[in-house]
Amino acid sequence: MVEVTVAIATSERGTPRSRRSAGPWRVAFTQIAHNPVAVGSAIALVIIVAVCLAAPLYAQFIAHTDPFQSNINGTTVIDGHSVAVLQQQTQGLGLGVEPIGPTWNISNYFLGADSQGRDVFARLLYGGRTTLLIGFSSALICCALGALVGIIAGYFGGPVDWVLSRLMDIIWAFPVYLLAISLSVVLLTGGLRLGPIVIGPSNLLLPILIIALIYVPYVARPIRGQVLSLKNREFVKAAIGLGASDWRILRIEILRNVLPTVIVFIPLMMALNMLTESALSFLSIGVQPPNASWGTIINDGLDLLYTRPAVAIAPGIMLVITAVALNLLGDAVRDALDPKAKLRGAA
Amino acid sequence: MLFVAKRLGSALLVMFAISIVVFLIFFATPGVDPAARLAGRGASPEVLSQVRHAFGFDQPLPVRYVLMMDHLFVTRDLTSYVNIGDKVVPQIMQAAPVTLSLVLGAAVIWIVLGLGGGILATRFRGSVVDPIIMVIGIAAVSLPAYWVGEVVNLITQDRLHDSVFSWVPPLGYVPFAQNPGQWALHLLFPWLTLALLYGGIYARVLRAELVTAMGEDYVRTGRAKGLSERRILWRHALRGSLSPVVSLFGLDLGSLIGGAALLTEVVFGLPGIGKLTWDSLQNLDLPVIMACVLYAAFFVVAANAIVDLLYAVIDPRVRRA
């Protein structure tokens with residue numbers, strides 16, 4: 001009612017103003033920007049990313065350490081005393097060595113050392129770069145690939161749909177970890193050789209591609225369903241009636257309507273992918289040395305769990321904070337863009 | 001009837017496809033040589049060709065596939081490559097009850113947590129209870145299960161083992177038939193760890209469904225008839241909202257029984273299917289891997305088929321689709 005009166009009022013005054021209402025993207029963005037939880041999560045994520053990106057600066061200028069160089073015979077100065085980074089164990093048989101614990105001094109073994117005498121806090125920051133990179137890039141690849149498969153299967157239907165859907169069924173029928181583990185074990189022994197393309201076993205592309213691949217059905221299934229129902233909508237039928245090419249319909253009518261759902265999936269997939277990466281790395285079949293990720297650091301800390309728990313606990317806390325922030329942000333994005341979107345397409 | 005036959009047929013087809021995919025992953029990935037892995041690092045070419053011949057890697061792929069399936073399903077005497085003489089089928093039979101104990105116990109807990117959380121959050125929508133439960137749910141979903149397991153071990157096995165948690169037994173598994181009390185005590189923390197993640201998922205899913213249902217016309221009609229909020233929630237909204245949860249439960253149960261609880265088993269030292277899979281993967285013990293993956297795929301595919309068939313029973317439209 002209000003809008004109607006405004007319209008009449010302006011036309012009476014005879015001032016034709018072209019007042020365009022805000023577009024759907026803008027409306028969604030405003031809604032997210034007014035959601036304190038979403039803004040808080042976004043700020044937390046920006047801080048985490050910034051701190052992790054600054055890892056080399058921290059290692060070089062503050063801690064003066066190389067977190068990839070083992071430092072078994074090294075010493076460090078605490079309270080004016082020179083202390084060995086790895087000390088003889090005092091408890092038990094006294095045979096093993098024990099790395100120094102957290103000093104809570106930001107410039108000197110803040111979280112202590114790992115079993116090779118490396119600065120855990122510096123490794124934590126470097127590990128964050130790897131985990132975030134893998135999570136983000138595999139989420140992008142997975143969503144792009146899943147959208148592509150879902151759109152093609154849903155739009156063209158027939159035998160194309162049958163083949164793609166059965167392919168998704170097969171990936172779907174593997175317990176996710178099992179597929180990831182099988183691929184990782186095989187590829188990490190020899191790397192991947194596809195004709196001229198050779199990806200070495202320690203290349204980060206391997207975990208990125210494996211994780212992206214295993215979750216494709218999570219995205220492809222809901223997108224396919226959405227395309228199926230879009231195909232019967234009036235505006236698509238109108239475009240077909242007007243003689244628009246498949247390519248044009250896919251680009252203008254289908255893709256633009258599917259895009260919000262795909263965007264909703266990205267932060268949620270990123271959280272899932274980071275957790276998967278860390279689980280694979282924890283099983284020592286994800287990120288390979290010399291690279292470190294939060295998962296590999298938790299794995300490093302396993303043998304020190306009862307003596308120096310900080311090594312295993314700190315990366316886990318970082319992982320949880322990041323995943324919670326991504327999930328909260330993802331929920332807010334979903335509420336704003338596509339409240340009905342469901343990852344996994346749980347029926 | 002036709003629907004049932006079709007569904008079972010496609011389930012078998014998927015199983016067959018999976019067995020081929022796994023076989024190809026391990027035997028035909030470019031640049032991967034199982035013989036090299038079995039012979040160890042730096043083996044001489046003679047040793048390599050011996051290994052190839054001994055394990056039949058010099059035969060064509062389809063022959064090897066048929067031979068392996070024959071040993072696995074028909075003669076049931078498939079043996080491990082690594083622990084020579086160990087038969088694979090009994091190993092799986094031995095591991096299955098451990099996984100079953102872990103998963104079923106955890107399922108009871110996560111259903112109680114998930115349904116309770118979802119219903120409570122809907123009932124107290126608009127108060128602080130709802131967001132608190134949902135934040136707990138998000139946190140539970142965001143926790144890496146293996147890490148939670150490690151922290152639980154740290155607390156119950158070491159830090160507080162001398163005081164609060166002195167009753168917690170060491171890691172491991174005690175069969176139910178041997179001592180039911182010890183069985184439950186050994187599994188208590190693995191159960192809770194596994195249930196935490198799924199409880200969070202289920203609470204979130206159920207709440208989303210319930211909130212949608214509470215906005216439906218039939219709920220408005222119920223309110224207009226003067227039904228109490230409690231009766232509307234329990235008798236009307238909940239019934240319709242449970243079916244997605246039930247189908248999710250079927251699929252999760254299938255994959256978990258198949259070995260998806262691998263991380264929990266590894267962390268808590270439970271010798272279940274997941275642990276068996278993991279050990280065999282580390283040694284690249286292909287017969288065991290094949291058997292484990294097919295075992296897992298069986299439960300996933302079966303769970304999928306059962307859920308579909310149940311849906312067909314509830315909703316006749318599915319049958320004709």
Side-chain angles (χ1 to χ4, degrees), chain A residues 37 166-167 169-179 181-187 189-195 198 271-272 274-275 278-279 282-285 294-295 298 301-302 305-307 309 312-313 315-317 319-328 331 339-340 342 344 346-347, chain B residues 10 13-15 17-18 21-22 25-26 29-33 36-37 131 134-135 138-139 141-148 150-151 153-154 157-159 205 208 243-244 247-248 251 254-256 258-260 262-263 266 274 277-278 281-282 284 289 292-293 296-297 299-301 304 307 311:
Chain A
V37 177
R166 292 296 86 74
L167 210 62
D169 279 354
I170 291 171
I171 300 183
W172 191 269
F174 271 101
V176 166
Y177 279 115
L178 219 50
L179 182 59
I181 288 170
S182 306
L183 285 172
S184 304
V185 165
V186 166
L187 293 179
T189 51
L192 180 66
R193 275 177 227 147
L194 279 177
V198 178
L272 189 62
M274 281 175 45
L275 292 173
S278 79
F282 172 73
L283 295 171
S284 65
I285 49 173
W294 285 337
I298 297 178
L302 209 54
L305 186 65
Y306 295 157
T307 48
I313 288 181
I317 291 173
L319 203 54
V320 174
I321 294 174
T322 316
V324 167
L326 279 169
N327 277 325
L328 287 172
D331 276 3
K340 283 186 182 153
K342 275 181 196 157
R344 285 177 88 176
Chain B
S10 87
L13 207 66
V14 170
M15 284 277 296
I18 287 173
V21 170
V22 177
I25 287 180
F26 283 100
T29 308
V32 172
D33 185 1
R37 179 78 184 237
M134 282 306 109
V135 166
I138 284 205
V141 173
S142 310
L143 285 169
Y146 63 93
W147 180 76
V148 177
E150 292 301 339
V151 174
N153 281 342
L154 173 67
Q157 298 287 338
D158 189 69
R159 286 298 189 265
V205 169
S243 62
S247 83
L248 199 61
L251 301 180
S255 74
L256 281 172
L262 178 139
L263 287 159
V266 170
T277 315
W278 170 234
L281 280 163
Q282 294 227 292
L284 216 68
I289 298 173
C292 287
V293 171
F299 282 102
V300 175
V301 172
N304 261 308
V307 166
Y311 259 79

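Below, read A as the first sequence line, B as the second, and so on, with proteins coming before strands; counting in each chain starts at 1. All values below come from the heavy atoms of this structure, side chains included, with hydrogens, waters and symmetry mates left out.
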Practice task
Identify which part of Leu167(A) has an atom lying under 4.5 Å from any heavy atom of chain B, answering side chain, backbone, both or neither.
Solution key: neither
Problem - Part of Leu326(A) lying under 4.5 Å from any heavy atom of chain B - result: neither
Handout entry: Taking every non-hydrogen atom, the tightest pair across Pro144(B) and Leu319(A)
Key = CG-CD2, 3.6 Å
Completion exercise
Nearest heavy-atom contact between Ser142(B) and Leu275(A) is O-CD2, 3.5 Å
Completion exercise
Turns out that what part of Val141(B) lies under 4.5 Å from chain A's heavy atoms comes down to both
Handout entry: Pairs of heavy atoms under 4.5 Å with chain A: top-ranked of Val22(B), Val151(B), Asn153(B)
Key = Asn153(B)
Problem - Ala279(A) versus chain B, the contacting section by heavy-atom distance below 4.5 Å - result: both
Completion exercise
Shortest non-hydrogen pair, Trp147(B) vs Ile313(A), comes out as CZ2-O, 3.4 Å
Exercise for the section: Indicate yes or no for a side-chain donor-acceptor contact from Tyr146(B) to the backbone of Ser278(A) under 3.5 Å, with no hydrogens or angles considered. Expected result: yes
Problem - Leu262(B) side chain near Leu283(A) side chain, heavy-atom distance below 4.5 Å - result: yes
Handout entry: From CG (Leu302(A)) to CD (Glu150(B)), nearest 0.5 Å
Key = 4.5 Å
Completion exercise
From the list Ile289(B), Val14(B), Ile138(B), the residue making the most non-hydrogen contacts under 4.5 Å with chain A is Ile138(B)
Problem - Leu263(B) portion near chain A, given a 4.5 angstrom heavy-atom threshold - result: side chain
Exercise for the section: Under 4.5 Å, counting heavy-atom pairs only, tell me which of Ile317(A), Ile321(A), Thr322(A), Val37(A) racks up the most with chain B. Expected result: Ile317(A)
